[in-house]
Structure formats: C-alpha cells, structure tokens
Number of protein chains: 4
Amino acid sequence: MIKPTPRRERERQQHIRHILDVAESIFAKEGFFRATMRQIAQKAEFALGTIYSYFGSKRQLYEKVIETKVNKLVDSVTKEMAETPSVQGKLEKFIHTKMTFLHKNLFFLRLYLAEVDVPRLDISHSLPKKVHEKYDSMLCVLTDVIWRGIQKGVFKPMDARVVTKALDGLTNALALSWLNSAEAHPSLETDINTITELFLNGALVHQEPTQNSNDRKEICNES
Amino acid sequence: MIKPTPRRERERQQHIRHILDVAESIFAKEGFFRATMRQIAQKAEFALGTIYSYFGSKRQLYEKVIETKVNKLVDSVTKEMAETPSVQGKLEKFIHTKMTFLHKNLFFLRLYLAEVDVPRLDISHSLPKKVHEKYDSMLCVLTDVIWRGIQKGVFKPMDARVVTKALDGLTNALALSWLNSAEAHPSLETDINTITELFLNGALVHQEPTQNSNDRKEICNES
Amino acid sequence: MIKPTPRRERERQQHIRHILDVAESIFAKEGFFRATMRQIAQKAEFALGTIYSYFGSKRQLYEKVIETKVNKLVDSVTKEMAETPSVQGKLEKFIHTKMTFLHKNLFFLRLYLAEVDVPRLDISHSLPKKVHEKYDSMLCVLTDVIWRGIQKGVFKPMDARVVTKALDGLTNALALSWLNSAEAHPSLETDINTITELFLNGALVHQEPTQNSNDRKEICNES
Amino acid sequence: MIKPTPRRERERQQHIRHILDVAESIFAKEGFFRATMRQIAQKAEFALGTIYSYFGSKRQLYEKVIETKVNKLVDSVTKEMAETPSVQGKLEKFIHTKMTFLHKNLFFLRLYLAEVDVPRLDISHSLPKKVHEKYDSMLCVLTDVIWRGIQKGVFKPMDARVVTKALDGLTNALALSWLNSAEAHPSLETDINTITELFLNGALVHQEPTQNSNDRKEICNES
DNA sequence: GATGAATGAGGCTTCATTCAT
DNA sequence: TATGAATGAAGCCTCATTCAT
C-alpha cells in the first residue's frame, strides 16, 4: 500500500515516454485531427485501452506531447542564455538554440502555432495554462534581456515586448518556411547567421552607400 | 439550353460570394476539421445540398476560401509595391500593406500556415498549385526588390531569398502574435513602424561599423 | 381546348422516345440505382424538370423503359411464332427470335430479371402489372404451343408450364452468360442452334451408342 | 500481444457467421442498394461500428455473403458429382444438387446474377476474382464431364462449353422462375425430373432418328 | 494493469424531387 | 411548357471512448 513497487513505477515512466515519442511522430505526420488513437496504439505496440489508462483522452495525450516539447525547448533556450553573459550574446544564443531546436522538431512548431489555438478567438488559449506559462517564461527572459540592452544603450529604444514578438516570430517564421519549402532541409547555419545579422544590424547599409555589391570589406568578415 | 440568363448568373455569383464569406468566418473560428458543412449551410441560410452544388466538397470550399483571400492579399500588396518607385519604399509598402491586410484578416494567416499543410511532409504542398503560385509570385517580386537593392548598394549583400523568407515570416509572425495575445488588437501602426525600423536598421545602436559576433568587448559587463 | 396542336403532340412523342432511348442506355450501363436522373437529363439534353414533366419519377421512367422493351420483345416473338405453322417451327422461332432480341439488348435481361424484382419476395411483382401481363401473354402462347404439341404426340407428355419455364429460362440464361463472359459476343447463331437441338432432342445419343465422336452422320447435317 | 485467446477467437467466428446470416437475409429481401447497414446492424443486434469492424464496408460484407454461399454451393455440387461414377449420373447429380441448393437459397441466385455484375459491361467481373474462380471451377468440372461423355459416345457431339452454359443456365432459370412465381414453392422434385429428362432426351418424341429442322412433314397440319 | 471488441454519435456526401421564373 | 437552382432526407463510414475479461 505504501510503495507501488519501484520497478513498476520505473516501467510506467518508460511506457509513458515511449507513448509520448510515438504520439509525437504520429501527430507530426498527420496533425491532431487526422491522427487516430488506434494508429498511435499500434505503433506504440500497446492496446488502445492502455493508452487511455495513461493519458485519459486524445486531447490530453496531445497536450502532454506539446508540453513535453515546450519544456525541452524552453529549458534548453533559457539554459543557454543564462550561460552567456553579454546582452548581444544572449540574443544570439536565443536565436541559435531556438532555431536549432525547431530544425530538429520542425513539425512541432506547426502543431504549436496552428491546430491547437484554432478555437474561439476570444478564449484564445486552449492549450493548458502550464504550457503557455512555460513558453511565456522564455519570452519574458528575452524581453528582459532586450530591455536591459536598451537601458545600457546597446539596443535602440524600442518597445521591448514588440521586439520580443518580432524576434520570436522571426525565428518561428523561418522554421515554418523550412516545412513548406520543397527543397530539402536548407542550411541551418546560414539561416541562423542571416537572421542574427538582420536582427542586429538591419538590412540597410549604413554611412555612405557602398560602391557595389562585390565590395564587402567590413560587412562580410564573419563566420 | 438557350440563355445563360444574366440575372441568374448575377445571383449565382452573389451566392458564391456569400457562401465564401460565411465559410471564411466559420473556418476561421473553428478550423478546417471542427467546422462542419451543416454549420456553414445554416449560417449561409442555404440547404446543405446547395453548398455542395456550388463547391463540390468541404475541401474544395476550403481551398476556394483560401484562394480568394490569397488573391486579394497578393494583388493589393503587389499593386502597392508597383506604385512606389524606390527600393526602400517598396519594402515599406510590402510591410505596411501586408500587415494591414493580415490585421483585418487575422484568422486567415493561421489557415494558410497551418492545417492545410499538415499532411505528408514530403508531399509538402497540399493546397492547389494555383494558390502557392500566386503567393510565390508575391514573394518573387519581393526577392527581386531586395536583390536590386543589394545591387544598388542600398542593402547589404545577403542571400535575397533568405531575406525574403525572413521578412515574409516576420510579418506573419507578428500577425500570429496578435491572434494569440489576450490583449485586444494592439496598435497596428506601432507594430508596423517597429518592424520596418527593425528590418531596415536592426536592433543595435551603431556606434561604429558593427564588428562580427566574436567581438564582445564593451557589452560583456553583466552577471 | 380541343386539339393540343398536332405539331406539339408530335414533338412531345418525339421527346418521349428520345428520353426513353437515353434512359435505356444509362440504366443499361449503370443499373437502376447507380443511374441518376441528372445523368439522363444531361445525355438527353433536357432539363431535369423536363424529364419529370414527362415521366413523373425515376421509377416510372424506369418502368416505362422496361415496358417499351418488353412490348417490343413480346410483339416480335409472338408475331414470328404466329407466322409459322408447325409446332416445332414455332418453338424454333421462339428460341431464335427471343435470343436474337436479347443479343441486341443484353442489358435488358438483367434489368428485367434482377433489380426490378428484388423487393419483398411475397409481393413478388413490383413491375407494373401491365408488363408482367404482357410477358406472360408470350409465355401463354408458348405454353399453348407446347401443350398442343403434346396433344399431337410431337412432344413427350410433360407439364407444359414447366417446359415453358425451362425454355424461357434456358434462353434467358444463355443470354446472361453472354453478359458475364469476358469473351466478346460469342456466336449467336451457334448458341441458337445448340439450344434448339438440345431442347428438341436432348443431350443423349439414342438407339445404340455411337461409335466415336468423329462419327456424326445423322446428327450434324444441319446448317 | 500475447495470447490470441481461443475463446475470443471462437466468439469472433460466431459473430462473423451470425452477421453474415443476417446480412444474407437482408440483402435477399432488399437487394444490395436498398439494404442499409443500419438495418443489418439492428437485426444482428450489434452496433453499426461493430459490423464495420468485422467487414470493412457494405460492399465487402456483401461480397463475403456471396462468397460464402458460392463456396457452399460449389463444394456440395462437386462433392456429389465426385461420388458418382457414371457420366449420366454425374449430370443428374449436378442438376439435383444445384437445384436443391437454389431451392433453399432462392434469393442468392438473384444476388449472384444480378446487381453485382451491373456495372461497366466491359470490365465485366466486379465480384472478387475468388468468387468467380470458385464458381468457374464447378463449371469446369461440368464441362469436363460433358466432354468425356461426348468422347464416350454417351452424348452427342456438341460444344461442351455451350452445353455447360446451357445446363447451368437452365437450372438457374428455373430457380429464378420460382422466385417470380406467385405460387408457393412448387414441387422441387417434379421440376428436377422434368429438367433432367428434358436435358437428356429433349422434348421431341423419337419415332425415327430425328431429321433436321427443315423436315416438317407431319407436323405442319395446323392453322 | 492490460486488452481490444463493442459502441454510437456525428460528419460528409448524394440525389430524387420540387417550384419559382 | 421548360428550366435548373434549391432542398433535405438518408446513407455510408470513422473514430474517440468505454468496459468486461
């Protein structure tokens, strides 16, 4: 009555992880609505009822998949940012870590952005609060960094929250474009560099107009 | 057999437009899967069969909704860009026109980005070619503008296609953030200005020509 | 109020015949259930409503098609039989005329035998009485011929009604086999001869066993 | 995953048989198109979905019904024929066994002959190959018997395949006539005898070796 | 706990038929 | 009288969920 057997508990955790992995791959391929519980059960090599005994409903399973992913994303991004001291470095880490994660979890972005939030525009958040709070916590860190950057005069004075949205969205959007592009996965590193440069310095050439496009002395000396 | 009847034809077009409008609102609120044809028929005040006589299937109705919207967006964006001579002005027009459109058609973005493209990542494009081609035509114009800007030395030398994706994505992303934000519609103009400024000049304050990201002398003085 | 215009009436009859022809071909290809009124209307180049103004309902149209065909079949068979004096000749005419008709109207047999009579076994006859009466009138003639043949000692003493069924069924069945056989239309004449010979003389060799199968003196001297 | 459970399997087979029986009766009464899956489910006292879990679709259920029946028919007919040594005896067995089976399964004939094969005359066989092959295997046996009979001089030299079609059709046709006849089931044995006699010896009285059909001396004395 | 057969609400779609023009 | 857009009942099928074993 006291301990539910440590082995039992260990197995249980293993099964949960296994099912989550399988569910992730199915949801990724089919989307929430087209995916069926039977499909998931079969690929996971469990009975239908077993899936239900672990996760209650399709919806809950789905939310758990998302939550797990968001947690991983947020944890790795915030960890990386914390380990870097400079404001600019933190920003670069944000871009780099998040895009790398999305590149490895392409489908997830779509799931997160799209199907889940479809309902009632007014209610807006249909994913469990926990998930949104987690994701928002990452954005808060980012906003804070930007805000401090502005205070220090590193960044121009802008609405930090808008900039956060822009940067978060910018990375999401590029990842989405990977999904849609017929081309095989394009070069991650190139995209990261372009985004970073764009975000930090903008598209315009400053000071005097450069002579011609072959002339890249002071700009192209990176990587 | 004899006359195509002008009045009949006019009514037909009216009905089609009406149904498309209704369908748009339902799909927007519910998403493709949750929306039902009966819902749409009822709100359009037509019999179920009538909807089917105009659009062969739920899928086709959905695609027509998307196609109509994409056409409107692309047409207004390209028109605005064409009417502006300078490269920088064209870019500003792109941002302004697209974001204004999305602001008035929030839901549409989600539809376009999300559910439709869920299936088979390898097949990639499940919307009718026409739609993608239309949208791509807009992106092509944008890429061309950027490329010419680079040639003229107005923009830094970057991969024009990546920049296109970034700018397109940036605008999408901000619009998405409107959807998700609990706040009532935030100020459109402010966001447009921020994005434009950000895209053109970047976030960094320019004290001297930016070094590359390895150069972190004066910024690293925080905990 | 007195004459509905002779031209009008003539046209009307023409339209009816045209629609019946088209309906026949559609029903033949698709069967009663798969055929749609729209299909028929389109092929007939009339509006849907026009078809209904002529025939009231799909069912009635169908029945009219069948009735027309049955009338043609019965009329030509009875006419041919009437024109032949001998009992045996009448039988041969029956077989020949009916099978030739079926060969040219393959589909019809299936329609007549199958779909129409599907319902309630107890009610049995779902085609209008008229049709059955017409067909039965042909069978009556046949029964009568057989009966008289028996009286005259030309035919063995058998239940004339059973023999009628057998002969009628035999011809139907062979025609059905044409429908189902993958082979292109097999030789009509050969089948007619075989059936006729079989019906009149049976399969058995009489008197003493013939020597071998190459020996066909007194049997194969026909045609 | 572990045991296929013998009891479960037994129940499963029972359910399948039960549903097939019910479906058979409904299809028989209503025909393929008029029958509804709900009807079948209700009469079988299962939920609609259960029927679908056993047979994937209405069509497949229908085909299974036919297949099961054809198998029974063919197996019993070939078994009976195999157990009889003489050629003539085999033929009599064929007629007797098949007609007895059809008498007990009247509706089946209609199903087999009719609705199923309605579509595209060119494609011809829309029932699963298996069914046609099974039925053809029976006809092959029959053809073979007839052919051997011809070799032995028991039967007249005729095209064995046409004779097969004729005999097969003859039995089908008589059974069909049972369906259509308002009379209660007529005497099976009488019909079998008549058919057998007719097939073996023909309808004509044999006074002398039959002449061919041009010879009509003593018959033509009627009006 | 694990299993998977059974359930049945609910969605998409078809098509005979009507009726205003 | 001819037209064909509109109607809506009814059918097939899916799939999340339950529950007896």
Side-chain angles (χ1 to χ4, degrees), chain A residues 4-5 8 11-12 15 33-42 46-61, chain B residues 1-5 7-9 11-12 15 33-42 45-59 61, chain C residues 4-5 8 11-12 15 33-42 45-61, chain D residues 1-5 7-9 11-12 15 33-42 45-61:
Chain A
T5 319
R8 278 287 175 89
E11 276 184 13
R12 190 184 157 77
H15 290 173
F33 289 100
R34 264 189 278 264
T36 72
M37 291 299 267
R38 196 173 299 277
Q39 243 179 112
I40 294 171
Q42 263 164 11
F46 279 109
L48 251 183
T50 308
I51 310 286
Y52 276 88
S53 79
Y54 280 121
F55 295 96
S57 77
K58 185 186 184 184
R59 183 78 209 183
Q60 283 171 56
L61 171 56
Chain B
M1 282 307 106
I2 306 165
K3 320 162 255 182
T5 321
R7 183 181 52 71
R8 276 286 174 88
E9 184 54 22
E11 275 185 14
R12 188 185 160 77
H15 291 172
F33 289 102
R34 259 188 284 262
T36 74
M37 290 299 268
R38 195 172 299 277
Q39 241 180 113
I40 293 171
Q42 266 163 9
E45 303 188 85
F46 277 110
L48 200 44
T50 308
I51 310 290
Y52 278 90
S53 80
Y54 280 115
F55 310 87
S57 72
K58 186 185 184 183
R59 182 75 205 189
L61 171 56
Chain C
T5 318
R8 277 287 175 90
E11 275 185 14
R12 190 183 158 77
H15 291 174
F33 288 101
R34 263 188 280 262
T36 73
M37 291 300 267
R38 195 173 300 277
Q39 243 179 110
I40 293 170
Q42 264 163 10
E45 296 180 292
F46 279 109
L48 251 183
T50 308
I51 310 286
Y52 276 88
S53 79
Y54 280 121
F55 296 96
S57 78
K58 185 186 185 183
R59 184 77 208 184
Q60 282 170 56
L61 171 56
Chain D
M1 286 303 107
I2 306 166
K3 318 162 257 178
T5 321
R7 185 182 51 72
R8 277 284 173 91
E9 184 55 22
E11 275 184 13
R12 187 184 161 77
H15 292 171
F33 289 102
R34 258 187 286 263
T36 74
M37 290 301 266
R38 196 172 299 277
Q39 238 181 115
I40 293 171
Q42 265 162 10
E45 303 187 84
F46 277 111
L48 198 46
T50 307
I51 310 290
Y52 278 91
S53 80
Y54 281 115
F55 310 87
S57 72
K58 186 185 185 184
R59 182 77 204 188
Q60 280 172 60
L61 172 56

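Here is the naming used below: chain letters follow the sequence lines, and residue numbers restart at 1 for every chain. Just so it is clear, the values below take in all heavy atoms, side chains as well, and ignore hydrogens, waters and symmetry mates.
- When heavy atoms are screened at a 4.0 angstrom cut-off, B/Tyr54 is found touching the sugar-phosphate backbone but no base atom.
- Shown here for D/Ala41 and D/Ile51, the closest heavy-atom pair between the two residues is CB-CG1, 3.7 Å.
- In this structure, C/Lys58 places its NZ atom 8 Å from C1' of E/dC15, rounding to the nearest Å.
- Residue A/His15 has no polar side-chain atom (N or O) positioned under 4.0 Å from OP1 or OP2 of E/dG1.
- Within the 4.0 angstrom heavy-atom criterion, only backbone atoms of the sugar-phosphate kind lie near A/Ser53; the bases stay farther away.
- For C/Arg59 against D/Arg34, the heavy-atom pair with the smallest separation is NH1-NH1, 4.3 Å.
- Phosphate proximity of E/dA5 to D/Thr50: absent, as no side-chain N or O sits under 4.0 Å from OP1 or OP2.
- Relative to the side chain of C/Ala47, the nucleotides F/dG8, F/dC12, F/dT3 differ in distance, and F/dT3 lies closest.
- Here C/Arg38 contributes atom CZ and C/Leu48 contributes atom CG; the two are 5.0 Å apart, rounded to the nearest 0.5 Å.
- What separates CZ of A/Phe33 from P of E/dG10 is a distance of 16 Å, to the nearest Å.
- Comparing D/Met37 and B/Leu48 against DNA chain F, the residue whose closest nucleotide sits nearer the 5' end is B/Leu48.
- One can place CD of D/Glu45 at 15 Å from C1' of E/dT7, the figure rounded to the nearest angstrom.
- Straight-line distance from the CZ atom of D/Arg34 to the P atom of E/dA16: 13 Å, rounded to whole Å.
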Discussion item. For Watson-Crick and G-U wobble pairs within 3.5 Å on both distances, what is DNA chain F written in dot-bracket notation, | included for inter-strand pairing?
Written reply: .||||||||||||||||||||

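- Closest to the side chain of C/Arg38, from the set F/dT17, F/dT3, F/dA6, is F/dA6.
- Each of A/Gly49 and B/Ala35 was assigned the nucleotide of DNA chain E with the nearest heavy atom; the assignment lying further toward the 5' end belongs to A/Gly49.
- The residue D/Arg12 sits apart from the nucleic acid: no heavy atom pair falls under 4.0 Å.
- Each of E/dC12, E/dG4, F/dC12 was ranked by its minimum atom distance to the side chain of D/Arg8; first place goes to E/dG4.
- Rounded to whole angstrom, the span from the CD atom of A/Gln60 across to the P atom of F/dA16 amounts to 14 Å.
- Smallest separation of non-hydrogen atoms from D/Tyr52 and D/Lys58: CE2-N, 4.4 Å.
- Across A/Arg12, A/His15, A/Gln60, a single residue satisfies side chain to side chain donor-acceptor pair (under 3.5 Å) together with A/Tyr54, and that is A/His15.
- Look at CD1 on A/Ile40: it is 17 Å from C1' on E/dT3, rounded to the nearest Å.
- Computed from coordinates, the D/Ile51 CD1 to F/dC15 C1' distance equals 17 Å when rounded to whole Å.
- One can place OH of D/Tyr52 at 18 Å from C1' of E/dA5, the figure rounded to the nearest angstrom.
- For B/Ser57 and C/Thr36, each mapped to the nucleotide of DNA chain E holding its nearest heavy atom, the one lying further toward the 5' end belongs to B/Ser57.
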Practice prompt. Could you please spell out the steps behind the side-chain contact (heavy atoms from CB on, under 4.5 Å) verdict for C/Met37 and C/Leu61?
Written response: CA-CA 10 Å; C/Met37 291 300 267; C/Leu61 171 56; 4.2 Å; yes

